[in-house]
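Down below is the structure, laid out as structure tokens.
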Amino acid sequence: MLIVKNLRKKYKDFLALKGISYEIKEGEIFGILGPNGAGKSTMIKILTCFHKPTSGTVEINKISIKEKDKIKQLIGWVPQEETFYTNLTVKENIEYFGSLYNISRKEIKSRSEEILKLLQIENKTNSLAGSLSGGMKRRLSLAIALIHNPKIIYLDEPTAGVDPVSRRALWEIIKKIKQKNITILFCTHYLDEAELLCDRIAILRSGEIIAIDTPAKLKKKYKTLEEAFIKLVKYENRKTS
Ligand code: ADP
Ligand code: MG
């Protein structure tokens, strides 16, 4: 459903993405695994129409990302930094972001109830967003990304800086979202969650995809995913230095 072809992004003289290509099937969880500075957020910002690519194409169900308005209905985005209003409640935030889409108040209300339940934040409905714990803040960001019923969601390091118990809870929630047949692309530098959650993984280093496969196949080749990650990233380091 998502096709990325030869995507390049240049920031002035610096080439942050060097021509990456991959395809994601409907209902899949696809992970982009890469160290800091690899270009993960840059890639997501292009997929969400936030940045323009220098060259290359991206299509969702044959619709180009150049058709911004259509694409925005199809995608949900959880950015690396929280973007909701800390002085609004959970419910107010969800309803506000829902109102930015072309959906009726009635539908926003019923969707919001469904999502609060799915993400297990019903008991925080009237809490101020700024007062939530790290894990709950991430759930609120997820709720906002889901309000307009997107076909695919992009999660940028969804569990970074979250305590271990909340991380596990987030993993369960991500699995539940997959069960709703929503396609998920997420970026992470945590090997454990990539292995546990992803159907397939692309390893991104310095703006290039250096391996792409199922976690099982990557493990078979390199014993553990950690080994695969370290070997591939080190090998590429040697090649480029
Ligand atoms: P990641 O999310 O994998 O940590 P980023 O996509 O944030 O990586 O960054 C990739 C590279 O591009 C980094 O070297 C970063 O410094 C650079 N970069 C990111 N955003 C900009 C920008 N707006 N202007 C210039 N360079 C940028
Ligand atoms: Mg990033």
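Numbers here are sequence positions counted from 1. Read the numbers this way: they start at 1 and go in the same order the structure lists the ligands and their atoms.
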R167 to Y190 six-membered ring, cation-pi geometry met (6.0 Å, 45°): yes
Metal proximity, N36 vs the Mg ion (ligand 2), N/O/S cut-off 2.8 Å: no
Evaluate [X] for polar contact with ligand 1, using N/O atom pairs at a separation under 3.5 Å.
X    : answer
Q80  : no
G37  : yes
E157 : no

Proximity of A16 to ligand 1 by residue part, where a heavy atom lies under 4.0 Å: side chain
For ligand 1, the portion of C187 having any non-hydrogen atom under 4.0 Å away: neither
Pairwise side-chain contact, P35 with H189, heavy-atom cut-off 4.5 Å (strictly under): no
Residue S41 vicinity, atoms of ligand 1 by number, heavy atom under 4.0 Å: 1 (P), 2 (O), 6 (O), 7 (O)
NZ/NE/NH1/NH2 to OD/OE distance under 4.0 Å, D199 and K25: no
Option nearest atom 9 (O) of ligand 1 (shortest heavy-atom distance, choices T42, T188, L17, N36): T42
Between R8 and S55, a side-chain donor and acceptor under 3.5 Å: yes
Parallel, tilted or perpendicular, as decided by the 30° and 60° cut-offs, for the rings of F97 and Y85: parallel
Y11 and H51 aromatic ring geometry - parallel, tilted or perpendicular at 30°/60° bounds: perpendicular
